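Note that the coordinates shown come from a computational prediction; the quantities given were computed from them, not determined experimentally. All chains are named by letter (A, B, ...) in the order of the sequence lines, taking the proteins before the strands, and each is independently numbered beginning at 1.
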There are 2 protein chains.
Amino acid sequence: MPKNKTAAAEQTSAAPLVRTEPIQERSAARIDALLDAAAAVVDEIGFDRLTTAMVADRAEASIGTVYRYFPDRIVLLQALRDRAIERYRQAIVERVTGETPETWVEAVGSAIDAFVGMFRTEPGFRIIRFADAERGPVNRDEPPRVGFFALRFADILAAEYTLPDDEALTFHLEIVVELVDALINRAFLIDMAGDERFIAEARTVVREYLETRYPAAA
Amino acid sequence: MPKNKTAAAEQTSAAPLVRTEPIQERSAARIDALLDAAAAVVDEIGFDRLTTAMVADRAEASIGTVYRYFPDRIVLLQALRDRAIERYRQAIVERVTGETPETWVEAVGSAIDAFVGMFRTEPGFRIIRFADAERGPVNRDEPPRVGFFALRFADILAAEYTLPDDEALTFHLEIVVELVDALINRAFLIDMAGDERFIAEARTVVREYLETRYPAAA
DNA sequence: GAGCAGATGATCGAGTTCCGATCGGTGACC
DNA sequence: GGTCACCGATCGGAACTCGATCATCTGCTC
């Protein structure tokens with residue numbers, strides 16, 4: 001069992017906040033159960049109707065336990081999103097190593113497929129909207145980690161391919177992330193199975209976008 | 001004074017809901033004042049920190065008055081969004097009739113400019129995200145009017161130009177709406193003035209998208 | 001067409017309900 | 001016996017309700 005050290009750790013001053021940090025074994029399972037419950041609730045009644053009591057109920061825990069691991073409702077949702085993103089990252093890696101696309105542009109296509117797959121299988125995924133970071137609650141101090149997913153995505157690609165030494169690449173990938181996020185979300189907005197027209201168009205738009213800019217890699 | 005009978009009227013069963021429908025003159029002003037207040041609050045402290053009490057305060061009305069016109073907090077925000085969309089529609093019409101672009105594809109460019117302008121001038125605009133309809137609270141009965149803005153946009157264009165008789169046009173416009181919404185929102189996500197790179201890229205992506213599909217109109 | 005009176009709409013704000021979050025206490029693990 | 005996980009009654013504050021009160025409209029009378 002890998003110990004789950006959060007990078008954040010303690011700030012400068014005393015941080016008496018209970019923070020998420022499992023010490024004993026069972027805690028990890030608890031956290032997962034809580035997030036599963038939250039995902040289910042989010043799928044059923046939607047994002048902003050979710051109450052912490054519902055999450056506790058569904059996870060067969062008490063209110064207190066919820067707040068034992070998450071300082072508040074918003075952080076709980078963020079944790080759900082973070083877990084989903086991590087799972088998505090794994091899904092990309094699996095798919096790319098499985099399909100071994102010729103070029104990194106094609107690998108982006110695989111990532112889109114993986115994204116669509118997540119919408120179909122991962123509870124709560126369709127509500128999360130994570131291309132952009134936290135919208136709304138303007139974060140205290142810490143930089144609002146905008147576009148961080150594009151960076152991470154670049155890392156994944158860089159592990160398998162030789163990326164063009166283009167300083168604009170990060171920007172282009174961020175555009176791609178935004179485009180895909182918008183169109184795939186639209187595809188699943190009403191159609192629970194995912195509207196194929198929008199899915200196909202997302203693939204096409206991205207392919208056109210990248211082929212125009214990186215003809216060598218297409 | 002035109003009596004303002006709601007189209008909805010009575011459903012099968014008794015509908016005791018108070019619903020928004022101004023009868024007397026002052027009501028309209030009240031509603032506007034409430035929405036102005038909501039927009040200001042949203043700009044200042046953000047979307048989900050908004051409380052109905054703040055809105056009432058700022059509009060110099062009582063809590064009761066807020067709930068006289070809006071069944072709940074979420075509907076209040078939706079109304080704010082609806083008004084912003086209407087204003088945006090007007091802004092498009094004004095700009096297009098003012099600039100009189102040669103082709104409808106160029107008119108789409110003007111619409112993007114108008115969109116950016118709204119982000120800079122219309123209070124509360126940047127939080128609203130309206131390309132997609134209501135996300136989250138799954139609406140009872142009524143169809144979730146997805147993509148309705150693209151339809152409306154097509155109407156605006158059709159009033160000034162002869163649009164291609166392409167049954168896929170609506171779909172393409174919807175894609176454009178999604179793309180623009182995503183990229184322009186990203187442009188304003190952290191940069192209050194709007195990140196020019198994303199704005200320019202939005203224009204480029206849309207132009208490329210439409211020129212590929214409608215070379216005659218470009 | 002001025003004045004009045006009843007009806008109906010608009011406003012108010014104290015009271016209620018609901019929900020996010022706390023805290024002191026109890027039991028499980030080391 | 002000391003730490004950690006868990007519970008759930010309780011608190012505080014925000015969403016929302018409701019009966020009373022004020023403003024405006026309608027239409028009748030003279």
S.K.: Evaluate the side-chain proximity of B/H172 to B/V176: yes if any heavy-atom separation is below 4.5 Å, no if none is.
M.R.: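 Heavy-atom side-chain distance check fails, nothing below 4.5 Å.
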S.K.: Below 30° counts as parallel, above 60° as perpendicular, anything between as tilted: where do the rings of A/F149 and A/Y88 land?
M.R.: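 It falls in the parallel class, under 30°.
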S.K.: How do A/G64 and A/T51 order along DNA chain C: which one's closest nucleotide is nearer the 5' end?
M.R.: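 On the 5' side of the pair lies A/T51.
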S.K.: OP1 or OP2 of D/dC7 sitting under 4.0 Å from any side-chain N/O of A/S62?
M.R.: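 A/S62 to D/dC7 OP1/OP2: side-chain N or O found under 4.0 Å.
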S.K.: When you measure from the side-chain N and O atoms of A/T65 to the phosphate of D/dA5, is any distance below 4.0 Å, counting only OP1 and OP2?
M.R.: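 Negative; the distance criterion is not met.
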S.K.: Heavy atoms under 4.0 Å, any strand shown: does B/L50 hit a base, just sugar-phosphate, or nothing?
M.R.: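 Sugar-phosphate contact only - B/L50 comes under 4.0 Å of backbone atoms but never of a base.
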S.K.: Which of these nucleotides, D/dC16, D/dC7, C/dA21, is closest to any side-chain atom of B/R73?
M.R.: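 The listed nucleotide nearest to B/R73's side chain is D/dC16.
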S.K.: When you check the phosphate oxygens OP1 and OP2 of C/dT11, does a side-chain N or O of B/R30 lie under 4.0 Å from one of them?
M.R.: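 Indeed, a polar side-chain atom of B/R30 lies that close.
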S.K.: Within less than 4.0 Å of OP1 or OP2 of C/dT11, is there a side-chain N or O belonging to B/R68?
M.R.: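 No.
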S.K.: Can a cation-pi geometry be assigned to B/R126 and B/F188, taking NZ or CZ under 6.0 Å from the six-membered ring centre and within 45° of the ring axis?
M.R.: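 Cation-pi check for B/R126 and B/F188: fails.
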S.K.: Under 4.0 Å between a side-chain N/O of A/Y67 and OP1 or OP2 of C/dC23, yes or no?
M.R.: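 Checking C/dC23 against A/Y67, no side-chain N or O comes under 4.0 Å of OP1 or OP2.
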S.K.: Dump the intermediate steps for salt bridge (charged side-chain N to carboxylate O under 4.0 Å, His left out) on B/E86 and B/R83, then the final yes or no.
M.R.: CA-CA 5 Å; B/E86 174 53 26; B/R83 192 182 68 165; over 6 Å; no
S.K.: Tell me: CZ of A/R49 to P of C/dC18, nearest whole Å?
M.R.: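 Taking atom P of C/dC18 as the reference, CZ of A/R49 is at 15 Å.
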S.K.: Calculate the interatomic distance between A/D72 atom CG and C/dC19 atom P; express it in whole Å.
M.R.: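 Distance check: A/D72 CG to C/dC19 P gives 17 Å.
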S.K.: Rounded to the Å, how far apart are A/F70 CZ and C/dC19 P?
M.R.: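 A/F70 atom CZ is separated from C/dC19 atom P by 20 Å.
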S.K.: Would you say A/T52 reaches C/dG20's phosphate, i.e. side-chain N/O to OP1/OP2 under 4.0 Å?
M.R.: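 The answer is yes; a side-chain N or O of A/T52 sits under 4.0 Å from OP1 or OP2.
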